[in-house]
Amino acid sequence: MSDPAHRIGRGYCYDDLKVGMRFRTHRRTIAEADVAAFVNLTWLTEELFTVDDDSQRAIKGRAVPGALVYSFAEGLLLPSMQDTGLAFLGATLEVKGPTVVGDTLHVEVEVTEARVTSKGDRGLVRFANRVVNQHGEAVLEYDPLRMLKRRP
């Protein structure tokens, strides 16, 4: 082979992203086992997440912690920054609506800011991320600022 093989699964470099660019992720359904594992791992033992009886709650069904929704969103986004992401620098996050076991989520993304760092070998990119359920409703929104590699 004289030509180097293209590496599949590599995320976007800074140079691939322009303000206004949009993309979306694959989908993922949240299962009861996901909530149980997350609650046990993090000790988010609020009864809202650990008790079946929802008769006194505004949210019907097994509620999913917003922290789990965020974690799933980041997992769905991983292919977009695999091997190119250098740092997560911060974000504001807002839960827009409830998520319950059985909901299927995807993330809709728009690049809102992009600039090269002073070193010049990397860039800072801010995204507007909307986590959307199977009904088309936004359940979580956040705006991460990430440092990404530039193309060599």
Side-chain angles (χ1 to χ4, degrees), residues 6-115 117 122-150:
H6 175 74
R7 183 184 306 173
I8 61 170
R10 185 165 191 195
Y12 293 114
C13 289
Y14 167 81
D15 307 276
D16 301 327
L17 300 167
K18 306 294 180 224
V19 172
M21 180 181 170
R22 300 171 71 115
F23 59 93
R24 66 163 279 176
T25 67
H26 289 288
R27 299 174 301 150
R28 173 72 154 81
T29 300
I30 298 179
E32 177 70 33
D34 298 321
V35 175
F38 188 80
V39 165
N40 287 329
L41 176 68
T42 61
W43 272 92
L44 286 174
T45 56
E46 164 64 44
E47 284 192 8
L48 180 63
F49 311 128
T50 61
V51 174
D52 277 333
D53 180 15
D54 64 5
S55 62
Q56 301 299 315
R57 297 186 191 136
I59 299 172
K60 298 304 177 193
R62 176 73 73 148
V64 175
L68 175 56
V69 174
Y70 165 76
S71 297
F72 269 41
E74 285 292 285
L76 288 166
L77 286 164
L78 179 64
S80 71
M81 58 194 132
Q82 181 71 35
D83 191 41
T84 59
L86 296 171
F88 175 92
L89 300 173
T92 58
L93 182 143
E94 185 176 352
V95 176
K96 304 299 278 185
T99 299
V100 296
V101 167
D103 281 353
T104 299
L105 306 176
H106 71 274
V107 185
E108 297 174 353
V109 180
E110 182 176 352
V111 177
T112 59
E113 178 184 343
R115 63 185 187 279
T117 66
R122 57 195 77 170
L124 301 177
V125 181
R126 184 168 305 276
F127 301 88
N129 294 349
R130 287 181 77 233
V131 182
V132 178
N133 67 17
Q134 71 274 14
H135 305 294
E137 303 160 338
V139 295
L140 189 137
E141 294 180 356
Y142 64 109
D143 64 346
L145 179 64
R146 302 184 192 278
M147 184 181 294
L148 299 174
K149 291 179 183 177
R150 292 198 69 194

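Sequence positions, counted from 1, serve as the residue numbers for this chain.
- The salt bridge (Lys or Arg N to Asp or Glu O under 4.0 Å) check on Glu113 picks up Arg115, Arg126, with sequence neighbours excluded.
- Here salt bridge (charged side-chain N to carboxylate O under 4.0 Å, His left out) pairs that include residues 37-46, with residues two or more places apart or in two chains, number zero.
- At distances below 3.5 Å, at least one donor-acceptor pair connects side-chain atoms of Asp16 with backbone N or O atoms of Cys13.
- A distance-only check finds a donor-acceptor pair linking the side chain of Thr117 to the backbone of Arg122 [under 3.5 Å].
- Counting only heavy atoms from C-beta outward, the side chains of Phe127 and Thr112 never approach each other to under 4.5 Å.
- Contact detail for Ala91 and Pro144: the closest heavy-atom pair is CB-CA, 3.7 Å.
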Side chain to side chain contact (heavy atoms under 4.5 Å, CB included), that's the test. Do Leu48 and Arg57 meet it? Break it down for me.
CA-CA 8 Å; Leu48 180 63; Arg57 297 186 191 136; 3.5 Å; yes

Quick one, Val35 with Val101, criterion side chain to side chain contact (heavy atoms under 4.5 Å, CB included). Give me CA distance, side-chain angles, the key distance, then yes/no.
CA-CA 8 Å; Val35 175; Val101 167; 3.7 Å; yes

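- To the nearest 0.5 Å, atoms CG (Leu124) and OH (Tyr14) are separated by 8.5 Å.
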Just do the side chain to side chain contact (heavy atoms under 4.5 Å, CB included) check on Val109 and Leu77 with the steps written out, would you?
CA-CA 9 Å; Val109 180; Leu77 286 164; 3.5 Å; yes

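- Within a 6.0 Å radius of CZ in Arg27, no more than 12 heavy atoms belonging to other residues, nucleotides or ligands are found.
- Residues passing the ring pair (Phe, Tyr, Trp, His ring centres under 6.0 Å) test with Phe49, sequence neighbours excluded: none.
- Sorted by first and then second residue, the salt bridge (charged side-chain N to carboxylate O under 4.0 Å, His left out) pairs involving residues 64-79 (not counting sequence neighbours) are Glu74-Arg146.
- With a 4.5 Å cut-off on side-chain heavy atoms, Val139 and Leu105 count as touching.
- Checked options Thr25, Asn133, Val131; the residue passing with His106 is Thr25 (criterion: side chain to side chain contact (heavy atoms under 4.5 Å, CB included)).
- Screening residues 85-94 for salt bridge (charged side-chain N to carboxylate O under 4.0 Å, His left out) gives Glu94-Lys96 as the qualifying pairs, with residues at least two apart or on separate chains.
- Checked against side-chain contact (heavy atoms from CB on, under 4.5 Å), Thr42 has the following partners two or more places apart in sequence or in another chain: Phe38, Leu44.
- Residues Arg130 and Val107 fail the side-chain proximity criterion, which asks for heavy atoms closer than 4.5 Å.
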Atom pairs and distances, side-chain donor-acceptor, residues 17-24, under 3.5 Å, sequence neighbours left out:
unit_1	atom_1	unit_2	atom_2	d
Lys18	NZ	Asp15	O	3.1
Arg22	NH1	Glu110	OE1	3.4

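- Annotation: salt bridge (Lys or Arg N to Asp or Glu O under 4.0 Å) contacts of Asp52 (sequence neighbours excluded): Arg62.
- Every residue two or more places apart in sequence or in another chain was checked for a salt bridge (Lys or Arg N to Asp or Glu O under 4.0 Å) with Glu47, and none qualifies.
- Counting all heavy atoms, side chain and backbone alike, Gly102 lies closest to Thr29 at O-CG2, 3.6 Å.
- Between Pro98 and Ile59, the closest heavy-atom pair is CB-CD1, 3.8 Å.
- Within the structure, every pair that satisfies the ring pair (Phe, Tyr, Trp, His ring centres under 6.0 Å) test and touches residues 58-93, not counting sequence neighbours, is listed here: Tyr70-Tyr142.
- Taking the side chain as every heavy atom from C-beta outward, Leu86 and Leu148 never approach each other to under 4.5 Å.
- In terms of modelled atom types and a separation under 3.5 Å, the side chain of Thr99 and the main chain of Val64 share no donor-acceptor contact.
- A 4.5 Å side-chain heavy-atom check between Asp143 and Asn129 finds every atom pair outside the cut-off.
- Counting all heavy atoms, side chain and backbone alike, Val100 lies closest to Gly61 at CG1-C, 4.3 Å.
- Among residues two or more places apart in sequence or in another chain, the salt bridge (Lys or Arg N to Asp or Glu O under 4.0 Å) test is passed with Arg28 by Asp34.
- With sequence neighbours left out, His26 forms a side-chain contact (heavy atoms from CB on, under 4.5 Å) with no residue at all.
- Defined by atom type and a distance below 3.5 Å, a donor-acceptor pair is present between the side-chain atoms of Gln134 and Asp103.
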